[in-house]
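Reckoned from all heavy atoms, side chains included, excluding hydrogens, waters and symmetry mates.
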Amino acid sequence: MAKYLLNDAVSIPETAFELSEHLGFSASKPAMWAWYEMAGAVLSHYVVDQQARLQGLFNWFYNDLGFCARDNYFSIEAADLSYCVLKRQGNSTTLSILLILLAKQLDLTLEAILLPGNTVLKSQVNGVVKYHDPLTGSELNRHQLHALVRGEMGNAAKLKPSHLKPATLKRLISRMLHELKAGCIVNQKFESAMECCNLLLQWHPDDVHLNRERAFIAQQLGCIKVAISDLQHFIDLSPHDPVIELVKIQLKELSQHTQVYH
């Protein structure tokens, strides 16, 4: 695949559509035209009262347009913003991105909160902060937010203030790429998964766990030399990681394999 350089000057939805096309999933132009149509149509729901405006956005998005969670929730399609805008199905991240963009059209501010394993939305109207499930638009209380964290990290996990910090655009696009990568691995599209890792490492070069993930993907592609290099990098920089002994065993086994060149 051609190198696609990410930088800090990204924008949505353009960057997300371009990434989808770059990874070979969806053409960007049809998605962009569908977005333009939606961005224009939402303006008819502008009313003076902000709370009524937000509720009108949710009603229009879920009831009139029919946006919903994709049945195959962990698929590539669910994590692909282009697919989401065209087919009106997605996961918590892609649906959140669209709602953030549509809210901006209505002079409303929605922000993404990246909980472990789930993206939720934060609104602030007349000084009142509320959280919303992007899969349905329903309001979430702190107990429900904590339940989402515990469901991903275990019953002992606490809901920390850092969990509720609004995401930067860079973090939001990064999460989308992580979810696309996971969908690629599930669907055994390892070349696309490898490119997702490469793109993420451009932004997060110090995240050695990405190197470990890329080592697994490289091994599936028969690129043993790349896998060995990434595992050695992980070992060198994370000597006290809980999985370090497992990684050392994996590295030893790979080192005994014959190098396959592509």
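- For the atom pair I100 CD1 and S123 OG, the distance stands at 11.5 Å (nearest 0.5 Å).
- By the 4.5 Å heavy-atom criterion applied to side chains, Q124 and T109 are not counted as neighbours.
- With rounding to the nearest 0.5 Å, the separation of NZ in K181 from OG in S174 is 11.0 Å.
- No side-chain heavy atom of L57 sits less than 4.5 Å from a side-chain heavy atom of Y46.
- A 6.0 Å sphere centred on CG of N63 holds more than 12 heavy atoms belonging to other residues, nucleotides or ligands.
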Could you go through the side chain to side chain contact (heavy atoms under 4.5 Å, CB included) check for V85 and L98 one step at a time? CA-CA 8 Å; V85 75; L98 285 182; 4.2 Å; yes

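- For the 3.5 Å distance criterion, the side chains of D236 and Q232 qualify, holding a donor opposite an acceptor.
- D206 places none of its side-chain heavy atoms less than 4.5 Å from the side chain of N211.
- Using bins of under 30°, 30° to 60° and over 60° for the plane-to-plane angle, the ring pair H132/F58 lands in the tilted bin.
- With hydrogens and angles ignored, the 3.5 Å screen pairs no side-chain donor or acceptor of D80 with any backbone N or O of I76.
- By the side-chain contact (heavy atoms from CB on, under 4.5 Å) test, A41 pairs with W60, sequence neighbours left out.
- Clustering ILVMFWY residues whenever any of their side-chain heavy atoms sit less than 4.5 angstrom apart, transitively, puts L54 in a cluster other than the one holding V120.
- A 4.5 Å side-chain heavy-atom check between R150 and L159 finds every atom pair outside the cut-off.
- Nearest heavy atoms, P134 versus L99: O-CD1, 4.4 Å.
- Annotation for K122: atom NZ counts as buried by contact number, over 12 foreign heavy atoms lying within 6.0 Å.
- Residues L81 and M176 approach most closely at CB-SD, 4.3 Å, considering heavy atoms.
- For the pair S28 (side chain) and F17 (backbone), a donor-acceptor distance under 3.5 Å is absent.
- Closest approach of L95 to C68, counting heavy atoms only: CD1-O, 3.8 Å.
- Side-chain contact between L121 and E111: absent, with no pair of heavy atoms (C-beta onward) separated by less than 4.5 Å.
- Considering only heavy atoms from C-beta on, K165 stays 4.5 Å or farther from I113 through its side chain.
- Side-chain atoms of T94 never come within 3.5 Å of backbone atoms of G90 as a donor-acceptor pair (strictly under, hydrogens ignored).
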Could you go through F25 and S192, starting from their C-alpha distance and side-chain angles, then the distance that decides it, and tell me whether this counts as side chain to side chain contact (heavy atoms under 4.5 Å, CB included)? CA-CA 9 Å; F25 302 142; S192 295; 3.9 Å; yes

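- Using a 4.5 Å cut-off between side-chain heavy atoms of Ile, Leu, Val, Met, Phe, Trp and Tyr, with links allowed through other members, L246 and L251 fall into different hydrophobic clusters.
- Separation of atoms CG (L172) and OG1 (T119) is listed at 7.0 Å; rounding is to 0.5 Å.
- Ring centers of F61 and F67: under 6.0 Å apart, within the cut-off.
- Counting heavy atoms from C-beta on, the side chains of R142 and L164 come closer than 4.5 Å.
- Looking at D207, its side chain does come within 3.5 Å of a backbone N or O of H209 through a donor-acceptor pair.
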Can Y73 and L135 be said to form a side chain to side chain contact (heavy atoms under 4.5 Å, CB included), step by step? CA-CA 11 Å; Y73 187 83; L135 302 179; 3.9 Å; yes

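- Applying the side-chain hydrogen bond (donor to acceptor under 3.5 Å, both in side chains) test between T93 and each of E179, R175, H178 identifies E179 as the sole match.
- E253 places no side-chain N or O within 3.5 Å of a backbone atom of Q250 that could act as its donor or acceptor partner.
- Linking Ile, Leu, Val, Met, Phe, Trp and Tyr residues whenever their side-chain heavy atoms come within less than 4.5 Å places V129 and L140 in a single cluster.
- Heavy-atom neighbours of E37 CD from other residues, nucleotides or ligands within 6.0 Å: at or below the threshold of 12.
- Summarising the geometry, atom CD1 belonging to I185 is positioned 6.0 Å from atom CD belonging to E213; distances are rounded to the nearest 0.5 Å.
- S11 and E14 share a side-chain donor-acceptor pair at under 3.5 Å.
- Shown here are the side-chain contact (heavy atoms from CB on, under 4.5 Å) partners of V48, two or more places apart in sequence or in another chain: there are none.
- Taking every heavy atom of both residues into account, K158 and V149 meet most closely at O-CG1, 3.8 Å.
- Listed for the S75 side chain is a donor-acceptor partner under 3.5 Å among the backbone atoms of N72.
- Put simply, the side chain of R70 never gets that close to the backbone of E77: no donor and acceptor are under 3.5 Å apart.
- Minimum heavy-atom separation, A218 to A227: CB-N, 3.9 Å.
- With 3.5 Å as the limit, one finds no donor-acceptor pair spanning the side chains of N118 and S92.
- When every heavy atom of L254 is checked against every heavy atom of I224, the shortest pair comes out as O-CG2, 3.6 Å.
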Give the C-alpha distance, both sets of side-chain angles, the deciding distance and a yes or no for side chain to side chain contact (heavy atoms under 4.5 Å, CB included) between Q219 and D230. CA-CA 11 Å; Q219 184 180 357; D230 273 334; over 6 Å; no

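- Scored by the side chain to side chain donor-acceptor pair (under 3.5 Å) test, N59 finds Q55 as partners (sequence neighbours excluded).
- Checked by atom type and distance alone, the side chain of H163 pairs as donor or acceptor with a backbone atom of K160 at under 3.5 Å.
- In terms of hydrophobic clustering, with Ile, Leu, Val, Met, Phe, Trp and Tyr side chains grouped at heavy-atom distances under 4.5 Å, V208 and I249 are assigned to different clusters.
- K130 has its side chain within reach of Q51: a pair of non-hydrogen atoms, C-beta onward, lies under 4.5 Å apart.
- A 6.0 Å sphere centred on CZ of F74 holds no more than 12 heavy atoms belonging to other residues, nucleotides or ligands.
- We find the CG-CG distance between L106 and L101 to be 11.5 Å, quoted to the nearest 0.5 Å.
- Q89 places no side-chain N or O within 3.5 Å of a backbone atom of C84 that could act as its donor or acceptor partner.
- Clustering ILVMFWY residues whenever any of their side-chain heavy atoms sit less than 4.5 angstrom apart, transitively, puts W33 in the very cluster that holds M38.
- Rounding to the nearest 0.5 angstrom, the gap separating the OH atom in Y62 from the CG atom in L65 is 11.0 Å.
- Remark: the backbone N or O of E191 is not paired with any side-chain donor or acceptor of E195 at under 3.5 angstrom.
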